[in-house]
Asks: 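Structure incoming, see below.
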Amino acid sequence: MTLLTAALWYCRQLCAYIAHLLKWCSRYLQRKFTKNHSVLAEVDLLGFCAKEWKGETEQAVQMRQAYKELFWKHHVTHIQQVREDHYSVLRAVLFQIFSQGIPLPSWTKATDVLKLPEKLLYSQGCNWIQQYSFGPERYTGSNTLGKLRKCMETLKNQWIEISSIKDQYERGNLCNALFADENMEHKLYEAVKFIMLYQVIEAYECLNNKPECIPRFFKHLFVCDTSLDPLSYMMNRLNSIGDRRGLEQIEMFLLGYSLEVKIIVYRLCKFNSKHFQESYVEKYERDWHEVFLLTEDDRHYHIPVFRI
């Protein structure tokens, strides 16, 4: 009887230890996942505002008013914070594309995106793309094509897989896991940047032959000293995205055009002006989905969430 009692006591102690260990592991993994997660879970918009903008300075008062207008007039009830680095626009837009299950752009049906690096290099003579920089990794030399191919393959495979998932909860879990993998994320963003470069090259060729066929924002892009042609655009502007800067206003048009989404941005720093809400698409595209961004300073972008 004494032996049985001792055995039961030992089992209880062992179970308690295992339960404690599992609880500790669960908390550790949760902390690790949250730390690495580049798009955080939804939080209450006005609660977020109250926490971030305390005091009675002119800026704090204006920001609180801007958040209240978002809540009451535009029906934004929650916000998803996005990691504040130079990829924040690409991250916020791509996260919404994936989480909504938006399909690949229609132009990819006629163009194999996996072959774009080789197509530009060998068929269109753009040997200068070997000077492409991958965000903070500024020079890769002869390995540029191989890295670009891997980035394009990652983007296409992940996009197809996620957009094929019909269950929103399952799709959301996959998105959360994907945007917790920094290495995978950077491949996605560099692939999107390269797609933007491809669209610039295509538009530049049309500029000399059929200028009426390209959107007006390309014409504005090509009159800038830093982007007179695709090479100068890549060297002076595109290569620095993710490293020293994010996207400029005109590049919002380019990003939306490349991914075939309508980008709508709430610019809180422009509260009480006509630029408070900007739509980065030149004409209404009926079959284009909408993605929304929120920014306080035109540098870092978060995701506004609507509830009816």
Side-chain angles (χ1 to χ4, degrees), residues 34-35 37-100 102 172 175-176 179 185 189 192 217 220 237 241-242 244-257 259 261-285 288-308:
T34 302
K35 181 180 178 181
H37 202 2
S38 63
V39 180
L40 300 184
E42 301 174 10
V43 295
D44 176 74
L45 181 79
L46 296 183
F48 170 83
C49 172
K51 181 180 177 181
E52 295 292 319
W53 294 101
K54 301 175 182 178
E56 296 302 322
T57 65
E58 182 179 352
Q59 185 183 23
V61 171
Q62 178 175 305
M63 282 297 171
R64 289 199 297 268
Q65 292 174 344
Y67 274 103
K68 287 180 181 178
E69 178 157 326
L70 279 180
F71 182 84
W72 293 109
K73 185 176 180 180
H74 299 277
H75 311 294
V76 179
T77 60
H78 293 75
I79 183 174
Q80 284 187 272
Q81 290 178 266
V82 175
R83 181 180 294 160
E84 295 185 353
D85 59 18
H86 295 305
Y87 284 121
S88 66
V89 171
L90 299 178
R91 179 178 291 114
V93 169
L94 203 57
F95 182 86
Q96 291 180 78
I97 288 175
F98 284 0
S99 61
Q100 293 180 34
I102 297 174
C175 285
N176 289 335
F179 285 84
E185 272 192 281
Y189 306 145
V192 172
F217 74 83
H220 294 300
R237 303 176 76 154
I241 295 174
R244 301 184 300 278
R245 70 176 188 90
L247 269 66
E248 298 176 6
Q249 300 293 309
I250 194 169
E251 289 169 317
M252 293 285 201
F253 287 101
L254 175 58
L255 176 62
Y257 178 80
L259 303 181
V261 291
K262 182 178 181 180
I263 300 175
I264 300 172
V265 182
Y266 295 110
R267 303 171 67 196
L268 275 62
C269 55
K270 300 296 182 180
F271 180 62
N272 277 337
S273 78
K274 65 178 182 179
H275 300 295
F276 178 66
Q277 180 179 335
E278 297 278 13
S279 179
Y280 293 97
V281 63
E282 290 189 2
K283 61 180 181 178
Y284 179 71
E285 298 287 352
W288 286 16
H289 293 74
E290 294 179 339
V291 297
F292 293 84
L293 305 178
L294 182 157
T295 179
E296 296 178 345
D297 54 13
D298 284 342
R299 291 186 298 117
H300 300 122
Y301 292 79
H302 302 297
I303 301 173
V305 181
F306 302 84
R307 290 283 187 272
I308 300 176

Asks: Is the closest side-chain heavy-atom distance between V82 and Y301 below 4.5 Å?
Replies: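 No - every pair of side-chain heavy atoms lies 4.5 Å or more apart.
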Asks: With sequence neighbours excluded, tell me which residues meet side-chain hydrogen bond (donor to acceptor under 3.5 Å, both in side chains) with Q81.
Replies: none
Asks: Contact between K262 and S279 at the side-chain level, heavy atoms closer than 4.5 Å - yes or no?
Replies: yes
Asks: Taking salt bridge (Lys or Arg N to Asp or Glu O under 4.0 Å) as the definition, give me every residue that meets it alongside E42, ordered by chain and number, with sequence neighbours left out.
Replies: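 With neighbours one apart ignored, the set is R307.
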Asks: Any side-chain heavy atom of F95 sitting closer than 4.5 Å to one from N176?
Replies: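 Of all side-chain heavy-atom pairs linking N176 with F95, at least one is under 4.5 Å.
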Asks: For F306, does its backbone N or O pair with a side-chain atom of T77 as donor and acceptor, under 3.5 Å?
Replies: no
Asks: Would you mind writing out the side-chain donor-acceptor pairs for residues 263-272 within the sub-3.5 Å range, not counting sequence neighbours?
Replies:
| residue | atom | partner | partner atom | Å |
| --- | --- | --- | --- | --- |
| R267 | NE | D298 | OD1 | 3.0 |
| R267 | NE | D298 | OD2 | 3.4 |
| R267 | NH1 | E278 | OE2 | 3.1 |
| R267 | NH2 | D298 | OD2 | 2.6 |

Asks: Tell me the salt bridge (Lys or Arg N to Asp or Glu O under 4.0 Å) pairs involving residues 63-77, sequence neighbours left out?
Replies: E56-R64
Asks: Just how far is it from atom NZ of K51 to atom CG of L46, taken to the nearest 0.5 Å?
Replies: 15.0 Å
Asks: Taking salt bridge (Lys or Arg N to Asp or Glu O under 4.0 Å) as the cut-off, I'd like each qualifying pair that reaches into residues 84-96, sequence neighbours left out, listed once.
Replies: D85-R91, R91-E185
Asks: For Y280, enumerate each residue passing the side-chain hydrogen bond (donor to acceptor under 3.5 Å, both in side chains) test, keeping only those at least two apart in sequence or located in another chain.
Replies: Q249
Asks: So, for G246 and I241, which heavy atoms are closest and what is the spacing to 0.1 Å?
Replies: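 The answer is O-CG1, 3.9 Å.
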Asks: Counting only N and O atoms by type, is there a donor-acceptor contact under 3.5 Å from the side chain of Q80 to the main-chain atoms of A41?
Replies: no
Asks: Residues in side-chain hydrogen bond (donor to acceptor under 3.5 Å, both in side chains) with Q100, at least two apart?
Replies: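 So Q100 forms no side-chain hydrogen bond (donor to acceptor under 3.5 Å, both in side chains) with any residue.
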Asks: Once side-chain hydrogen bond (donor to acceptor under 3.5 Å, both in side chains) is applied, do any residues pair with Y67, and if so which ones, sequence neighbours excluded?
Replies: E296
Asks: Starting at CD1 of I303, measure out to CD of Q96 and round the result to the nearest 0.5 Å.
Replies: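 So the gap between those two atoms works out to 4.5 Å.
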Asks: Closest approach of F253 and V281, non-hydrogen atoms and distance?
Replies: CE2-N, 3.6 Å
Asks: Any side-chain heavy atom of I102 sitting closer than 4.5 Å to one from W288?
Replies: no
Asks: Grab the two heavy atoms, one from G55 and one from A60, that are nearest each other, plus how far apart they are.
Replies: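 Scanning both residues, the minimum pair turns out to be O-CB, 3.9 Å.
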Asks: List for me each residue that meets salt bridge (Lys or Arg N to Asp or Glu O under 4.0 Å) alongside R245, sequence neighbours excluded, and say none if there are none.
Replies: E248, E251
Asks: To the closest 0.5 Å, what do you measure between CG (L247) and CG (L293)?
Replies: 10.0 Å
